[in-house]
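This report refers to the structure that appears directly beneath it.
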Amino acid sequence: MCGIVGFTGLKPAAPVLLQGLERLEYRGYDSAGIAVFKNHKISVKKSEGRLKTLCDLIDNGNGMDSTAGIGHTRWATHGKPSDVNAHPHKSQNGKFAVVHNGIIENYAALKNMLIEHGYTFVSETDTEVVAHLLQFNDDGDMLSTISKTIRQLEGSYALGILNAELPGDVYAVRCASPLLVGVADEGNMIASDIPAILPLTRKILYLNDNEIVRLTAKKVEIFDLDLNPLFREITTITWDISAAEKGGYEHFMIKEIMEQPKALSDTIAPRIKDGDIQLDGVSFDKETLQKFKRIHIVACGSAYHVGVVGKYVIEELTRIPVIAEIASEFRYNNPIVDEQTLVIIISQSGETADTLAALKEARKRGATTLSIVNVVGSSIANASEHVLYTWAGPEISVATTKAYSTQLAMIYLIGLKFAKELGTIDSAAFSEMLDAIKALPEKAQTALQTAPEIETLAQRYAYLEHAYFIGRNLDYAVALEASLKLKEVSYIHSEAYAAGELKHGTISLIEDGTFVVALSCCKQLQMKTMSNIVEVKSRGAEVLLIACENEPFIENHLKDVDHAITVPSTHPLFMPSIEVIPMQLLGYYIAKARNCDIDKPKNLAKSVTVE
Ligand code: G6P
C-alpha cells in the first residue's frame with residue numbers, strides 16, 4: 001500500500017533511497033519523503049505529490065551527504081495526501097523518525113493515551129503514533145524500545161526507524177506487511193519489495209513477522225521480540241534487473257501484456273513432464289480429493305476474476321462444486337468451510353490484507369489451503385499449507401495482466417490434474433487438454449498481433465463515458481476482467497453483465513451509441529449471445545465483438561456488429577487466456593488515447609495491505 005526503504009552504507013544514502021522509492025512507486029504515489037542524519041539530528045524532507053516533486057525539492061539528494069536514512073512513498077489511508085501527512089514522521093522530541101506501510105488498528109486508543117501524557121500530534125496519520133510511542137517507551141536501549149513499542153501495536157506494519165543518537169543505524173520491523181533486507185559490500189538496505197533492492201544487490205534476507213532488524217554499514221542483525229539474535233540464510237535473487245525496468249516500452253502495462261507468452265511458458269513448462277502434470281510436490285491423491293465436498297476460490301480484484309474462471313473450469317473437470325468468493329466478503333461471512341473443504345487462495349502480491357485474512361480464517365476452520373502466489377516468500381505463501389508459484393516475474397503496472405494470465409494457467413493445471421486423479425476425465429481427453437495448455441504461450445503470442453487493430457479502434461472509443469461488457473459462462477468471467485481493466489486505467493465507467501441478465505434491467509441503459517463489447521468465444525453459447533447482441537443493436541448500441549477466428553457462425557453474423565476482433569481458438573475451457581488479451585490491449589490503448597497515467601492510475605495501489 002505504501003513503499004518503504006532504508007539504507008546505511010559507505011556512500012550517500014539519499015540517491016539510493018530515491019532510486020529505491022522510484023521502484024516502489026507502484027505501491028502508492030500520493031506523497032513521498034526521506035529522512036537522513038544531519039549534525040546529530042534527523043533531517044526530514046517530504047512533499048505531497050509524486051516522487052518527482054520530492055526529487056526536485058531536494059535536488060535529487062545532491063548535497064545530502066549522510067550515508068544512512070529511510071524513505072517512503074505513500075498511498076493515503078489515515079489523513080489525506082498532504083505535506084504534513086507524508087512520511088517520515090518524527091517523535092515529539094525529534095529523536096526518532098519513522099516510515100510505515102500498513103495500518104495501526106489501535107492507533108486511536110494509543111493516540112488518546114499519548115495526548116493524555118502531553119504529546120501533540122501534527123498529522124492525521126496512524127504512523128505518528130508510532131513515532132511518539134517510541135519516545136514514550138524510550139529506555140535508552142533502541143532494541144528494547146522498539147520491542148516494547150511494537151508489543152503495543154495492533155494491525156499490520158512494516159516500519160523503518162532512525163534514532164538521532166545512533167547515526168548510521170537503521171532499524172526495521174515487520175508484521176503482516178512486506179519487508180526485505182538487501183546485503184551488499186557497499187552497505188545494507190531494507191525495502192518493501194525486491195525491485196528497490198536490485199540496483200544495490202541480489203542478496204536478500206527474508207524477514208518473518210515480529211522480527212526486528214538492525215542495519216549498520218557493515219552488519220545486519222535480526223532479533224526476535226525477546227531480543228534473542230536469529231540466524232537467516234541469504235537468498236540470491238535470480239531474475240534479471242531488466243525485468244523490473246520498462247525496456248524500451250512506453251509503459252509497464254504494455255510491456256507486461258507483451259511478456260505474457262513468456263510468463264505463461266515459465267509457469268506451464270516446468271509443470272508438464274512425461275505427459276503428466278507435476279505441481280511442485282503439491283499432490284492430492286484420489287482419496288484426498290474425494291474428501292473435498294466443496295472448493296472455495298478466494299481472492300480480490302483480478303485474482304477474484306481468475307477465481308470466477310476457476311469455478312467454471314474446475315467444476316466442469318472435476319464435478320466438485322466450486323464457489324468463487326471475494327476475500328473481503330468471505331472473511332466476514334461465517335464461511336461454511338471445514339475439513340471437507342479445499343480453499344484455493346489467489347494473489348499476485350501474496351500480501352493483500354483481506355486475502356491473507358481469508359486464508360487464516362479458512363485454516364482456522366480446518367480447511368485444506370492451497371495458494372497461487374507470484375511473490376516468493378510473501379505473507380500468503382508463508383501462511384499457506386500448499387503453495388504454487390506463478391512465475392510471472394515482477395509485475396510493476398498497477399493493473400495486472402501477466403500475473404492474471406499465469407494465475408489462469410495454474411487453475412487449468414490444477415483442474416486437469418485433479419480430474420486425472422479423480423478419474424473424471426479419460427486419458428485421451430487429458431492428453432488433448434494438456435497439449436492445449438502447452439500451446440497457450442504460442443496462441444497468446446498470436447492474439448497479441450491484434451494490438452495495431454485495437455489501437456486504431458481505441459481512438460474511436462476513447463471519449464466514451466460508459467462501456468458494457470457482456471458474455472455468457474467463461475465469456476462472462478472474462479467480461480468481468482475486461483471491464484475492470486478498462487475502468488481502472490482509463491476512468492471510463494464500465495460494467496460487466498452476464499449477457500442473459502441484460503434484459504432484467506440493464507438494457508434500459510442502452511441507447512444510441514452506447515458502447516457494448518460482446519465476448520463470444522464459448523462456442524456452445526454463440527447463438528444465445530448473438531441474440532443478446534441483436535437486442536442491444538436494435539436499441540442503438542455500437543457493438544465490438546470478440547470471437548474465435550474461423551467460426552462459420554460468427555462469420556455469418558459479422559454484419560450484425562460494428563467491429564469484430566478474432567483470436568485463435570483453443571480448448572473451450574482455456575479460451576479466457578486468449579480472449580482476455582485483446583481486452584487488456586483495449587483498456588491500455590483507450591487509456592493511452594485519453595492520456596491517462598496508465599501505470600499508476602489515480603487512487604489505486606498495486607498491493608492492498610489494508611482492509
Ligand atoms: C489490487 C491490484 C489488482 C489486484 C488486486 C489483488 O487491487 O490493483 O490488480 O488484482 O489488488 O491483488 P493480489 O496481489 O492479491 O493479486
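Side-chain contact between Phe252 and Lys246 is present, with heavy atoms from C-beta onward closer than 4.5 Å. Contact annotation: the side chain of Ile372 approaches that of Ile411 to within less than 4.5 Å [non-hydrogen atoms, C-beta and beyond]. At a threshold of 4.5 Å between non-hydrogen side-chain atoms, the residues Leu388 and Ile414 count as touching. No side-chain heavy atom of Leu457 sits less than 4.5 Å from a side-chain heavy atom of Ile590. Side chains of Tyr588 and Val489 form no contact here, defined as non-hydrogen atoms less than 4.5 Å apart. Looking at Ile533 and His557, their side chains never come closer than 4.5 Å, going by heavy atoms from C-beta outward. The shortest distance between side-chain heavy atoms of Val398 and Tyr29 falls below 4.5 Å. Contact check for Trp391 versus Thr406: no side-chain heavy atoms found under the 4.5 Å cut-off.
The closest donor-acceptor contact from the side chain of Arg594 to the backbone of Ser490 lies under 3.5 Å. For the pair Lys255 (side chain) and Gly248 (backbone), a donor-acceptor distance under 3.5 Å is absent. A donor-acceptor distance shorter than 3.5 angstrom exists from the side chain of Glu315 to the backbone of Val322, with no hydrogens or angles considered. Under a 3.5 Å cut-off, the side chain of Ser265 and the backbone N or O of Pro261 do not form any donor-acceptor pair. A donor-acceptor pair under 3.5 Å links the side-chain atoms of Asn374 to the main chain of Gly393, judged by distance alone. Put simply, the side chain of Thr570 never gets that close to the backbone of Met575: no donor and acceptor are under 3.5 Å apart. Remark: side-chain polar atoms of Asp599 are paired, donor with acceptor, to backbone N or O of Met253 under 3.5 angstrom. Between the side chain of Ser384 and the backbone N or O of Leu370, no donor-acceptor pair lies under 3.5 Å. A donor-acceptor distance shorter than 3.5 angstrom exists from the side chain of Arg539 to the backbone of Glu535, with no hydrogens or angles considered.
More than 12 heavy atoms of other residues, nucleotides or ligands lie within 6.0 Å of CD in Glu385, so this atom counts as buried by the packing criterion. Within a 6.0 Å sphere centred on CD of Glu465, heavy atoms belonging to other residues, nucleotides or ligands number 12 at most.
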- Task: Step by step, work out the side-chain contact (heavy atoms from CB on, under 4.5 Å) result for Ile254 and Lys592.
- Result: CA-CA 10 Å; Ile254 188 69; Lys592 189 173 168 211; over 6 Å; no

- Task: Give the intermediate values and the outcome of salt bridge (charged side-chain N to carboxylate O under 4.0 Å, His left out) for residues Lys537 and Asp562.
- Result: CA-CA 9 Å; Lys537 269 303 299 169; Asp562 298 277; 2.7 Å; yes

- Message: The test is side-chain contact (heavy atoms from CB on, under 4.5 Å); show your working for Lys606 and Arg27 and say whether it passes.
- Response: CA-CA 5 Å; Lys606 186 151 189 70; Arg27 302 180 66 84; 5.8 Å; no

- Message: Using the rule given for salt bridge (charged side-chain N to carboxylate O under 4.0 Å, His left out), can you reason through Lys417 versus Glu421, listing the C-alpha separation, both sets of side-chain angles and the distance that settles it, and then say yes or no?
- Response: CA-CA 6 Å; Lys417 180 70 176 171; Glu421 292 297 328; 3.7 Å; yes

- Message: Met410 vs Leu279, test: side-chain contact (heavy atoms from CB on, under 4.5 Å). Steps then yes/no.
- Response: CA-CA 9 Å; Met410 279 315 314; Leu279 296 176; 4.1 Å; yes

- Message: Before you tell me yes or no, could you show the steps for Arg271 and Asp280 under salt bridge (charged side-chain N to carboxylate O under 4.0 Å, His left out), namely the whole-Å CA-CA distance, both residues' side-chain angles and the distance that decides it to 0.1 Å?
- Response: CA-CA 7 Å; Arg271 274 127 182 176; Asp280 316 357; 2.6 Å; yes

- Item | Intermediate values then yes/no, side-chain contact (heavy atoms from CB on, under 4.5 Å), Leu509 and Thr514 | CA-CA 8 Å; Leu509 296 170; Thr514 305; over 6 Å; no

- Task: Decide salt bridge (charged side-chain N to carboxylate O under 4.0 Å, His left out) for Lys438 and Asp435; before the verdict, give the C-alpha distance in whole Å, the side-chain angles of both, and the deciding distance to 0.1 Å.
- Result: CA-CA 5 Å; Lys438 273 198 264 183; Asp435 286 345; 3.8 Å; yes

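For the 3.5 Å distance criterion, the side chains of Glu351 and Ser379 qualify, holding a donor opposite an acceptor. Between the side chains of Glu542 and Tyr461, at least one donor-acceptor pair of N or O atoms lies under 3.5 Å. One side chain, Ser577 or Tyr412, offers a donor N or O that lies under 3.5 Å from an acceptor on the other. Between the side chains of Thr401 and Gln260, not a single donor N or O lies within less than 3.5 Å of an accepting N or O. With 3.5 Å as the limit, one finds no donor-acceptor pair spanning the side chains of Asn382 and Tyr206. Under the 3.5 Å distance criterion, with hydrogens and angles disregarded, no donor-acceptor pair is assigned to the side chains of Gln526 and Ser520.
The distance from the NZ atom of Lys291 to the CD atom of Gln340 is 8.0 Å, given to the nearest 0.5 Å. Note that CG of Leu422 and CD of Gln290 are 6.0 Å apart. Values are rounded to the nearest 0.5 Å. Note that CD of Glu549 is 7.5 Å distant from OG1 of Thr446, once rounded to the nearest 0.5 Å. For the atom pair Arg294 CZ and Leu342 CG, the distance stands at 11.5 Å (nearest 0.5 Å).
Residues in residues 299-310 take part in these side chain to side chain donor-acceptor pair (under 3.5 Å) pairs, two or more places apart or across chains: Ser302-Glu481, Ser302-Lys485, His305-Glu481.
When each of Glu395, Glu488, Glu256, Gln407 is checked for a side-chain hydrogen bond (donor to acceptor under 3.5 Å, both in side chains) with Thr400, only Glu395 meets the rule. When Thr341, Asn334, Asp338 are each tested for a side-chain hydrogen bond (donor to acceptor under 3.5 Å, both in side chains) with Arg365, only one passes: Asn334. Among Leu486, Ile546, Leu480, the single residue meeting the side-chain contact (heavy atoms from CB on, under 4.5 Å) criterion with Phe469 is Leu486.
Listed by chain and residue number, Glu259 satisfy the side chain to side chain donor-acceptor pair (under 3.5 Å) test with Lys402 (two or more places apart in sequence, or in another chain).
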